[in-house]
There are 2 protein chains.
Amino acid sequence: MTDEPSTAEEIMDGVYRALCAHGYAGLTMQDIADECSKSKSLLHYHYDTKEDLLVAFLDHVISDFEGRVAERADRPPTERLVEFVCWFVFERDESERESFHIALLELRSQGPFNDRIREQLARSDRLLRGTVSEVLVEGIDSGVFRDVDVEETAALLVATLDGARTRQITMAGDESEGPAYTRTVAEATMSRVLEPLLAEGVELPSIAETVESLPARTGEEPGEGRAAGEETMDEDATDEDVMGEGTTDGPAADATDGSTASVTADDEDSG
Amino acid sequence: MTDEPSTAEEIMDGVYRALCAHGYAGLTMQDIADECSKSKSLLHYHYDTKEDLLVAFLDHVISDFEGRVAERADRPPTERLVEFVCWFVFERDESERESFHIALLELRSQGPFNDRIREQLARSDRLLRGTVSEVLVEGIDSGVFRDVDVEETAALLVATLDGARTRQITMAGDESEGPAYTRTVAEATMSRVLEPLLAEGVELPSIAETVESLPARTGEEPGEGRAAGEETMDEDATDEDVMGEGTTDGPAADATDGSTASVTADDEDSG
DNA sequence: GGTCATTGACTGACTGGTCAGTCAGCAGGG
DNA sequence: CCCTGCTGACTGACCAGTCAGTCAATGACC
């Protein structure tokens, strides 16, 4: 229960909000400074370079997701599997999540040019595929899943969900199209990839139910600890999930280290 | 058989090479000018803004892919389907293709911020999903495929392959890992998504065979028309495939409209 | 308990480099 | 001699990073 958000937290929140507002390509140190009501010089005081700051942010976000995965480790494999799928599903009106994932995609596309970013990407890939593998192994051992190729299944699942999300966000200014890309693909994945995995008589929970049951999405759920808040009347919803990774949702913040307020969301901004 | 490459073609080639060499984020007009041995001012003479040039390039690349799809329209559905999968498969040593797809991913991530880019992305999405749908419908009509949900299957297939490629290229500086991501996922897709689609007694060609049978990959195949070449001894390998799209390979150029120069795009206007 | 030194957090103004886009002008063919 | 294709030099904007300095808190010494 520490109170007042530390400067470090405020900066991470600022990066988050600035990324949502300006994307990665259009991100300046000044944007970040503005979002956390600090000076650009302060950012350089804590982080030598912009790259340092962004890498620290990535690390922060992935660690947070890691914590979220760990929290669910003791649930039954069938449920964890569907929850995993649901982390990637998001509707067209979740604009903050969308903005954040767009920025993450921009960041990911810089992996090939930046060792430190790529390192974080690899870490999150390990986390994602590892999580699926773990769930599958547990399910196979306990007899709810058939004895399939675990690594291959994990690779397929992660690629599919990630691909669906990427396509959904890059073409956000849609037009027509029925349900969101991720929704369609998640349903298809359930019936064509996951169900054939089940042992005789076993069933998966539905996506609809599972999505509902997942921890608060941005804007819902009361939220509680409101601390030192200044004029930033932030809700919470900070770090999302991981790289091209988990999908996560809103609040959480440092869910990992149950600390305080955290985040805010999108109120504000530039001009 | 027009001879000397038109300025328009040279510029498109320059954009392609510059994108491969510098990526999209690090791309300057000077880089492009250098790659086609022209001046930066010339680029502005033909295209008012950098954005105009990049959009024209995207359009060029997608049209080229369109032509490539059309060329194969009369092959049997089972083969077209596997060929589609194979367009996305690439090995770790195909570094030019990889560089180009990295740049395309960067470009795609700008879709949400740029209407004209997003328009091209939507176009290529229609092309990709439409192609798969068309193949499926043809196969269902002729009895080689079961009567599945065509749109859902197309969405699943495209998302999966695109996702696999995205993950492979963003973590290129790999470490360990067995076969490339796209290879693993393509195989998994074949056995878990495509094979269950087949009617009794029908079989799909293998990925290995199909990859081999596809038109030249970068660097292979003699290549013929070498014209006006200056010191730019470019192979050819110009436009690849589409957005997050098809995968295509090297040569091709203006396969689509055998016409002359074509391209140029939209010189014109203001100035 | 009052003065002074030190240090950590933080800021505004500045600098140097980069890059898209402009402009005046040149070659050559019709 | 004018028009098209093309160029080199220049400009203005933007931005990461620096620097000199402010301010508050902490602690030391008398």
Side-chain angles (χ1 to χ4, degrees), chain A residues 2-15 18-19 21-57 103 106-107 110 113-114 116-117 228 230 232 270-271, chain B residues 4-15 18-19 21-57 103 106-107 110 113-114 116-117 228 230-232 260-261 263-271:
Chain A
T2 30
D3 223 273
E4 30 135 87
S6 72
T7 300
E9 282 163 354
E10 290 186 278
I11 293 177
M12 290 297 115
D13 287 0
V15 174
L19 276 175
H22 307 276
Y24 172 75
L27 188 73
T28 68
M29 290 296 269
Q30 191 58 56
D31 292 332
I32 299 171
D34 291 347
E35 288 294 345
C36 57
S37 308
K38 292 285 183 323
S39 72
K40 186 159 74 81
S41 308
L42 178 73
L43 302 180
H44 282 292
Y45 174 75
H46 288 286
Y47 303 89
D48 280 358
T49 65
K50 188 182 178 185
E51 183 189 317
D52 285 345
L53 175 55
L54 270 306
V55 170
F57 176 75
E106 292 181 81
L107 243 165
Q110 296 310 302
F113 306 104
N114 186 311
R116 298 164 69 199
I117 289 179
E230 290 253 335
T232 48
S270 61
Chain B
E4 31 133 86
S6 72
T7 301
E9 281 164 354
E10 289 185 279
I11 293 177
M12 290 297 116
D13 286 1
V15 174
L19 277 175
H22 306 277
Y24 172 73
L27 186 72
T28 69
M29 291 295 271
Q30 191 60 57
D31 292 333
I32 299 172
D34 290 348
E35 288 294 344
C36 56
S37 308
K38 292 283 181 326
S39 72
K40 185 160 74 83
S41 309
L42 177 72
L43 302 179
H44 282 292
Y45 175 75
H46 288 287
Y47 303 90
D48 279 359
T49 66
K50 189 183 179 185
E51 183 189 317
D52 285 346
L53 175 54
L54 270 306
V55 171
F57 176 74
E106 294 181 80
L107 243 165
Q110 295 310 301
F113 306 105
N114 186 311
R116 299 163 71 198
I117 290 179
E230 291 252 334
E231 18 56 286
T232 48
T260 36
V263 192
T264 309
D266 13 49
D267 29 333
E268 50 49 29
D269 115 24
S270 63

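Reminder, nothing fancy here: chain letters follow the sequence lines and each chain counts from 1. When reading the values below, keep in mind they use all heavy atoms of this one structure, side chains included, and skip hydrogens, waters and symmetry mates. Because the structure is a prediction, the values reported are computed rather than measured.
- The stretch residues 42-56 of chain A touches DNA chain C through Leu42(A), Tyr45(A), His46(A), each having a heavy atom under 4.0 angstrom from the strand.
- Counting all heavy atoms, side chain and backbone alike, Leu19(A) lies closest to Tyr24(A) at CD2-CA, 3.8 Å.
- In this structure, CZ on Phe57(A) lies 15.5 Å from CG on Asp52(A), to the nearest 0.5 angstrom.
- Considering only side-chain N and O atoms, Thr7(B) lies nowhere under 4.0 angstrom from the phosphate OP1 or OP2 of dG5(D).
- Following rounding to the nearest Å, Asp34(A) (CG) and dA16(D) (P) show an atom-to-atom distance of 12 Å.
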Identify each atom pair where a protein N or O and an N or O of nucleotides 21-23 of chain D are less than 3.5 Å apart, giving names and distance.
none

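- The distance between atom NZ of Lys38(B) and atom P of dT7(D), rounded to the nearest whole Å, is 7 Å.
- Of the possible donor and acceptor atoms, none in the side chain of Lys40(A) sits under 3.5 Å from a partner among the backbone N and O of Thr28(A).
- Using a 4.5 Å heavy-atom threshold, the side chains of Leu53(B) and Met12(B) count as touching.
- Regarding contacts with the backbone of dT18(C), every side-chain N or O of Thr28(B) stays at 4.0 angstrom or more from both OP1 and OP2.
- On a pure distance criterion of 3.5 Å, no polar donor-acceptor pair joins the side chain of Lys40(B) and the base of dG8(D).
- When side chains are defined from C-beta on, Ile32(A) does not count as touching Lys38(A), because their heavy atoms never get closer than 4.5 Å.
- Computed from coordinates, the Asp31(B) CG to dA20(C) C1' distance equals 13 Å when rounded to whole Å.
- In this structure, the side chain of Glu9(B) engages the main chain of Ser6(B) through a donor-acceptor pair within 3.5 Å.
- A close approach under 4.0 Å does occur between a side-chain nitrogen or oxygen of Ser39(A) and OP1 or OP2 of dT11(C).
- The minimum heavy-atom distance between Ile11(B) and Cys36(B), with the atom names listed, is CA-SG, 4.3 Å.
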Once base and sugar-phosphate atoms are separated, protein heavy atoms under 4.0 Å mark nucleotides 24-30 of chain C, 5' to 3', with B, S and - as -------
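- Annotation for Gly23(A) and Phe113(B): closest pair CA-CZ, 3.6 Å, computed over non-hydrogen atoms.
- Between the CE atom of Met29(A) and the CG atom of Leu42(A) there is a distance of 9.5 Å, given to the nearest 0.5 Å.
- Relative to the side chain of Ser41(B), the nucleotides dG8(D), dC19(D), dC10(C) differ in distance, and dG8(D) lies closest.
- Although no hydrogens or angles enter the test, the distance criterion places a donor-acceptor pair under 3.5 Å between the side chain of Glu106(B) and the main chain of Ala25(B).
- When every heavy atom of Lys50(B) is checked against every heavy atom of Leu27(B), the shortest pair comes out as NZ-O, 2.7 Å.
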